[in-house]
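In what follows, a single structure is set out as C-alpha cells and then discussed.
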Amino acid sequence: MSSGMRVFHAFGFLQYALSYQESFGKEYCSYPMTVFGPRTPMRFGRVLLAILIATSLSSIPTHGNAQTVLARVLDGEDSRPVFGALAYLVDSEGTVLKSALTDQLGRALFVGLQAGTFRVRVEMIGKATVETDLFQVAAGATATQDVRLQSSAIVLEGLQVEAEGGRCRVRPSQGVGVANLWDEARKALSAAAFTDREAIYLYRTTSYTRDLALDAKTIQREEERTGTRLFDSKPAEDLIENGFVQKDGDGQLYFAPDADVLLSDPFLDSHCFRFTAGQGEAEGLVGLGFEPASSRNRNVDISGTLWLDGQTFELRWLQYNYENLDPDINSSEVGGHVKFQRLPNGTWIVPEWWIQMPRIGVFYDTSGRARMRITAYRRTGGRIMQVREAGAAGRTIVEAQTGTIEGVVLDSLGIEPLAGARVGLVGSNQTVFTDANGQFVIRGLTGGRYQISISHPSVEEVGFRPAPIIEEVVEGQVTGVQFRMPAKSDVVFEACRDESQEDGSAAVLGQVVDRRGRALPGATVSLTWERFRATLGGVPQQADVLGLQATADADGYYRICGVPENQLLTIRGGFDGIETAGDTIRVRGESGARVHRVEIRSNG
C-alpha cells in the first residue's frame with residue numbers, strides 16, 4: 001500500500017531568477033545616452049551630459065503631483081556603474097516602500113511618490129550594504145542619490161571558531177560571523193523574491209515526477225510535462241503553524257520553503273543558524289545551516305543548509321530535510337534541493353529544484369501490529385528550460401543544458417551493427433530505434449541514474465528481454481553505451497539450461513495472443529507427441545502419447561524445453577475455458593528451437 005502524496009513547492013512558480021533589468025520596467029523610463037569620442041572637450045561633454053540628464057528627467061511620467069527619486073549606484077573602487085544591485089526606497093520609519101534592480105548604468109528609479117522624507121538602501125552580494133542619510137523630496141521635485149558600494153570581506157577563521165563553539169543562533173543578525181554569512185544569503189534570496197514579484201522574466205519549464213528505487217537513485221518510472229509555471233507557494237505563517245508536511249485526506253502534502261519563507265519573521269524567530277564547513281559535494285563551499293529552535297512545537301519542520309561559494313559568497317544551493325516525521329518513514333533521503341546559478345551577464349536563475357518523499361508500505365511485526373516502512377521514493381521537481389525577457393520582443397537569456405545517451409547495438413559477436421533494435425528508458429515512453437549502423441541517440445534528459453532497455457525482434461519473438469543497463473546521465477554531457485545483442489540460439493540454450501532433457505534437447509517458444517494480437521497472460525500451452533513401443537514387420541503397432549505444458553508469463557510468452565527433434569508435435573493453447581484445435585509442428589534437429597505463435601479465438 002502506498003500513501004497518496006501531493007507536492008507543492010513554495011518557490012513561487014519556480015520563477016526565481018536574480019535577474020537584472022537592462023531597461024526599466026513598467027514604472028520606469030529609460031534615458032538616452034550619448035557616447036563621446038576621445039577628442040571631445042571634457043567640459044563640453046560634461047555640460048552636454050548634464051543637459052541630456054535634465055532633459056530626460058523632465059520626460060519622467062508623472063502621476064499628478066507625484067515625486068521621483070533616482071538612485072545611481074557606483075562601485076566604490078573604480079566608480080563604474082553597478083549592474084544588478086537591489087535598491088530599496090525606505091521612509092523615515094524604516095518601512096520599505098519600493099524596490100528595484102539597478103540597470104546597466106547603475107540606475108534605479110522610484111516614481112509616483114508622495115512628498116516626504118526618505119532614504120535609499122542598496123545591497124549586492126559581495127558588497128557591504130549601504131544606506132543613505134534621510135533626504136527630503138519636495139512636491140513636484142526629483143531627488144538624485146549617489147551610492148557607492150564597497151567590497152565586503154568575510155573572515156572564515158572567525159566562522160570556524162563559531163562552528164567549533166557549536167552555538168546555534170536564533171536570528172543570525174545577533175551573531176557576528178554567522179550574521180555576515182546570513183547577510184550574503186539574504187541578499188540573494190531578497191533579489192529572488194523581488195524578481196518573482198515583478199515578473200521580469202518569462203519561463204519555459206519542465207516538471208517531472210520520478211519513482212525511484214530504494215537506493216533513491218535508480219529511476220523506475222518518470223513522467224514529464226512542460227509549462228510556464230509550476231507550484232503555488234504557501235504562506236510562512238501557515239507552514240510554521242501547521243507544518244511543512246500537512247494531511248490531505250488519506251495522503252500528505254509536502255512543502256518546501258521559498259525566499260519569502262526563509263526571510264520571514266516567523267521562520268527566523270523559530271529557527272537557529274550556524275556555520276557549516278563544506279565536505280564531499282560541498283567541498284570548497286561554506287554553509288549556513290539552520291534547524292528548528294528547541295522551543296518549536298512538534299509539527300513537521302525543516303532543517304538544512306544554504307551553501308555559498310567559499311570565495312565570492314554567492315549562493316549556490318539550498319538543501320533541506322524534514323524534521324519530526326514518523327521515525328518509520330523518515331530517512332536522510334527525504335527532503336529537497338534547490339540550485340542557484342549565476343549567469344555571465346550577472347543575472348541569477350534557479351535552474352532546478354526537487355522534493356523527495358517516501359513511498360510507504362505496510363508490514364506486520366511479530367506481534368501482529370501493522371507498521372509502516374519506506375519501500376521506495378518519489379521525487380517531484382522542475383527545471384527552467386528557457387528564460388526570456390518579458391515583453392513581445394524579449395530576447396532569450398538562458399537555454400538549459402540537458403543530458404544525452406548515445407550508443408551502438410552490435411550482434412552477439414560484437415562485429416556487425418544491429419539495425420532496428422528498440423532502445424528505451426524504463427518507466428518512460430521515450431523509445432528510439434537503431435539505424436543501419438546500429439546507432440541510437442536519446443536527448444533532452446535531466447540528470448539521474450537511468451535504466452536503458454534494449455531489445456530486438458530476433459529475441460523478442462522468443463520472449464527474451466535483456467536486463468536493463470544502468471547508466472548515470474549528467475546534464476551537459478554525453479553518456480556512451482555499447483551493447484551486444486545475444487543470438488537467439490544462445491537465448492534458447494540459456495533458457496533451457498536447467499530444464500529436463502529426457503525427451504530431447506529442442507525447445508518451442510512463442511507468445512499466446514487473442515484474435516487481435518493482444519497478449520494473453522496466464523494462458524496454458526500444451527505440446528503432445530506419440531512414441532511407439534512395438535512394431536510388427538517394421539510397422540509401428542503401439543504408441544504412448546507424451547506431452548509437456550507451460551503457462552504464459554505476464555506478457556503472454558511461453559517456453560517449453562526438452563522437446564524431441566524431428567518429431568511431429570501437436571500444440572494447443574487454452575485460455576478462459578477456450579482451447580484451440582491444435583497445430584502440427586516439427587523442430588528440425590539442426591535448428592534446436594522452433595518459434596510458434598498460438599492464437600486463441602473466442603467463441604464470439
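Computed from a predicted model, the values in this text were never measured in an experiment.
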Looking only at the side chains, is there a donor atom on one of [X] and [Y] sitting less than 3.5 Å from an acceptor on the other?
X: Asn299; Y: Glu241; answer: no
X: Tyr377; Y: Ser331; answer: yes
X: Thr479; Y: Glu471; answer: no
X: Ser207; Y: Arg225; answer: yes

Using a strict cut-off of less than 4.0 Å between a Lys/Arg side-chain nitrogen and an Asp/Glu carboxylate oxygen, indicate whether [X] and [Y] qualify as a salt bridge.
X: Arg316; Y: Glu314; result: yes
X: Arg210; Y: Glu222; result: yes
X: Glu223; Y: Arg221; result: yes
X: Arg379; Y: Asp211; result: no
X: Lys217; Y: Glu472; result: no

Counting only heavy atoms not in Asp215, do more than 12 fall under 6.0 Å of its CG?
yes
Less than 4.5 Å apart, any side-chain heavy atom of [X] and any of [Y]?
X: Arg80; Y: Leu74; value: no
X: Val111; Y: Leu109; value: yes
X: Leu181; Y: Arg186; value: no
X: Thr276; Y: Trp307; value: yes

Applying ring-ring contact (aromatic ring centres under 6.0 Å, His included) between Tyr322 and each of Phe244, Phe255, Tyr254, report the one that passes.
Tyr254
Give the minimum heavy-atom separation between [X] and [Y], together with the two atoms involved.
X: Gln356; Y: Ala216; result: NE2-CB, 3.7 Å
X: Ala185; Y: Leu308; result: N-CD2, 3.9 Å
X: Leu285; Y: Asp309; result: CD2-CA, 3.7 Å
X: Val122; Y: Ala87; result: CG2-CB, 4.1 Å
X: Trp317; Y: Glu281; result: CH2-O, 3.7 Å
X: Val137; Y: Ala143; result: CG2-CB, 3.8 Å

Kindly state whether the ring of Trp353 and the ring of His337 have centres lying under 6.0 angstrom apart.
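Ring centroids of Trp353 and His337 are no less than 6.0 Å from each other.
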Closer than 3.5 angstrom, by distance alone: can the side chain of [X] be matched with the main-chain N or O of [Y] as a donor-acceptor pair?
X: Thr102; Y: Ala85; value: yes
X: Asn321; Y: Ser332; value: yes
X: Gln67; Y: Leu113; value: yes
X: Arg383; Y: Gln401; value: yes
X: Gln145; Y: Ala71; value: no
X: Ser190; Y: Lys187; value: no
X: Ser270; Y: Pro266; value: yes

Interatomic spacing from CG in Leu306 to CG in Leu262 - rounded to 0.5 Å:
6.0 Å
Assign the ring pair Phe267 / Phe273 to parallel, tilted or perpendicular, where the plane angle (0 to 90°) is split at 30° and 60°.
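Judged by the thresholds at 30° and 60°, the geometry between Phe267 and Phe273 is perpendicular.
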Passes side-chain contact (heavy atoms from CB on, under 4.5 Å), Thr117 versus Asp91? Steps please.
CA-CA 6 Å; Thr117 303; Asp91 65 13; over 6 Å; no
With sequence neighbours excluded, tell me which residues meet salt bridge (Lys or Arg N to Asp or Glu O under 4.0 Å) with Asp133.
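None.
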If you apply the rule side-chain contact (heavy atoms from CB on, under 4.5 Å), what do you find for Leu318 with Thr305, and how did you get there?
CA-CA 6 Å; Leu318 162 68; Thr305 305; over 6 Å; no
Show your reasoning for whether side-chain contact (heavy atoms from CB on, under 4.5 Å) applies to Asp183 and Thr129.
CA-CA 9 Å; Asp183 195 46; Thr129 300; 3.8 Å; yes
Across all chains, not counting sequence neighbours, the side-chain contact (heavy atoms from CB on, under 4.5 Å) partners of Asp75 are Glu77, Asp78, Val82, Lys127
Can you name the residues that form a side-chain contact (heavy atoms from CB on, under 4.5 Å) with Gln114, not counting sequence neighbours?
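Checked Gln114 against side-chain contact (heavy atoms from CB on, under 4.5 Å); zero matches.
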Please walk me through it: do Leu445 and Thr404 pass side-chain contact (heavy atoms from CB on, under 4.5 Å)?
CA-CA 6 Å; Leu445 301 176; Thr404 300; over 6 Å; no
